[in-house]
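This report concerns only the one structure given below.
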Amino acid sequence: MAKRTENTVKLGLFITIAVALFVAAAYLIGSQENMFGANLRISSVFSNVNGLQPGNNVRYSGINIGTVESITLLNDSTVQVNMKLDKKVQPYIKKDAVASIGSDGLVGSMLVNISPGKGAEPMLEEGDVITSYSRVETEELLNTLGKTNENIALISNDLLRITNYMTRGKGTLALLLRDTQLAIGLREAIFNLQATSQRLAATGGQLQHLIGEVENGSGLLNQLLYDTSVISNLNTSIGQIDTLAEKAAPFLAELQRSAESLSASGATLNALLEGLESGQGTAGLLLKDTAAAEDIRRTLENIEAGTARFNENMEAMRHNFLFRRYFKKKEKEGPKEKEAP
Amino acid sequence: MPTTYFQRSGLRRYLNETGEVWLFAQRFFREAVRRPFEWRELLNQCFIVGNQSLFLVGMTGLIMGLVLTLQTRPTMEDFGAEAYMPAMVGVSIIREIGPVIVALICAGKIGSSIGAELGSMKVTEQIAAMEVSGTNPFKYLVVTRILATTLMVPLLVIFGDAVALFGSYLVEHMKGDVSFQLFFNKVFRQLSFSDLVPATIKTFFFGFAIGLIGCYKGYHSRKGTAGVGRAANTAVVVASMLLFVLDFIAVLVADIFFDL
């Protein structure tokens, strides 16, 4: 009987240990799936979940903080992912956290990554819907690659055609490859180009030098470019010129008028001169009538001859006794007047 | 009545046997829920089935874990995925290899012992003697044994799984310098209830099948010492085959309900 009891005890021990192991395994699995302990349920809406499944991990800053509880289709283009998080992480996740779908390594299972937000928001609450960020999907990537491949095929076709042309000696490129004369010409052209560019470079250096001088020197250009006071001076000058022009305007009008009257006087003068030219009037006669001029000359000669004789007469009169006294008296008075002052 | 080809053929024998086993199972369920219950004998049988198979299951499980890891590791290293070793070994042991290997070991050890024991009792007419003495031999012998295997095999599987995982850990620790905590963390991160629950449920069916076939073969063994040997032998063979059939069905059903 004692042996039987002992056996029963052993059996009890066996059963207890086995059940304990099972419970431990269940708990460990359950804790991975967050079945025990307090939970925080949140959700996020995606357009594509890339094969995410209920039970997949949810990570925050790389730490497993929960699992995907369920995935439901909201409509034809949006999928809602409901997540069950450990309540303990609640204070650390803010309302502006962003969920994205990633995978655990290259071949690992899918998971939801929650990235921290900017930080100023209040902490997450039960039932909150956080924003999602869709990464580039593999299919899209493959589509793009497919397009690239097609393009590459087209390009390679074109290349093939070009190389065919070239080997057959058609087109400019083929000519370039085969024509040695052209090559020599091309080389010369390149040499020339080189020389030109060297000169250009030198010119560039000079230009640079010039620009440096303009920049650093104190010439007019420099002042124009850099001296701001020049601009203001220029402005004032222009203003003064403006006022001057305003003031000059009436004067100019006056000048105009004078010119007009001058022109009228000119016309009159013209008419007068024409009259003179044609010999009308006394002046005209004087100028034009040669006979009259001859008369006047003879008259003047006569006058000259008359005055000469008059002078002789006067000399004769001086020596006449009647007038001699008068002239002597006049000669005496002359020197006295000179000594007096 | 002249025997036809059909009556002598293996197919007819198979169908006949299947029908007999079905009736035997029906009788088990009828007797199992009917008072009085043979608690003491049940506990005794549990001890024999459970405790006395523990060492065998433990050894098998440990070596299973060691070998599975050693064999798989080089391939995983080729892919540069040795980090996935614990997860992979964990899943394969918990889901499939643990239950099946342990159940096969039990079929070999327990199924044969039940078949031989009941067969010899049948041959020595102890069963008939029990009927005469007023004890229900089916209840005392069959019901307790089938219940014992049904209850104990799942527990043995859990032990086997645990030891196998430990064996796997030993290899991982030796080859990859993986810590105990990291190893089991990785194992259980990969596991979910959809792995554990169907695998555990099917072990009850495994245990039931082992007990049922062992008892049936022993209870219906033919006369003579050859009959006893044959009963023990066929009990193991049929139970083992049935295990694989059940395993297949279990996986199909689990696939539907647990969305593996």
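Letters go in sequence order (proteins before strands), and every chain restarts at 1. Note that the structure is predicted; figures quoted are calculated from it, not measured.
Within a 6.0 Å sphere centred on NZ of A:Lys95, heavy atoms belonging to other residues, nucleotides or ligands number more than 12. When the shell of 6.0 Å around CZ of B:Phe37 is examined, it contains more than 12 heavy atoms from other residues, nucleotides or ligands. Shown here is B:Phe205, whose CZ atom has no more than 12 heavy atoms of other residues, nucleotides or ligands within 6.0 Å.
Residues B:Leu196 and A:Phe22 form a side-chain contact, since some pair of their non-hydrogen atoms from C-beta on lies under 4.5 Å apart.
Interface remark: of the candidates B:Thr200, B:Asp161, B:Leu151, B:Thr200 forms the most heavy-atom pairs closer than 4.5 Å to chain A.
Of the two parts of A:Leu13, neither the backbone nor the side chain holds a non-hydrogen atom closer than 4.5 Å to a non-hydrogen atom of chain B. Both the backbone and the side chain of B:Leu156 come within less than 4.5 Å of a heavy atom in chain A.
Near-neighbour residues of residues 45-59 of chain B relative to chain A, defined by a heavy atom under 4.5 Å from a heavy atom of that chain, comprise B:Cys46, B:Phe47, B:Gly50, B:Asn51, B:Leu54.
Listed here is the closest heavy atom pair of B:Leu43 and A:Leu11: O-CD2, 3.3 Å.
To the nearest 0.5 Å, atom CD1 of residue A:Ile17 and atom CD1 of residue B:Ile158 are 12.0 Å apart.
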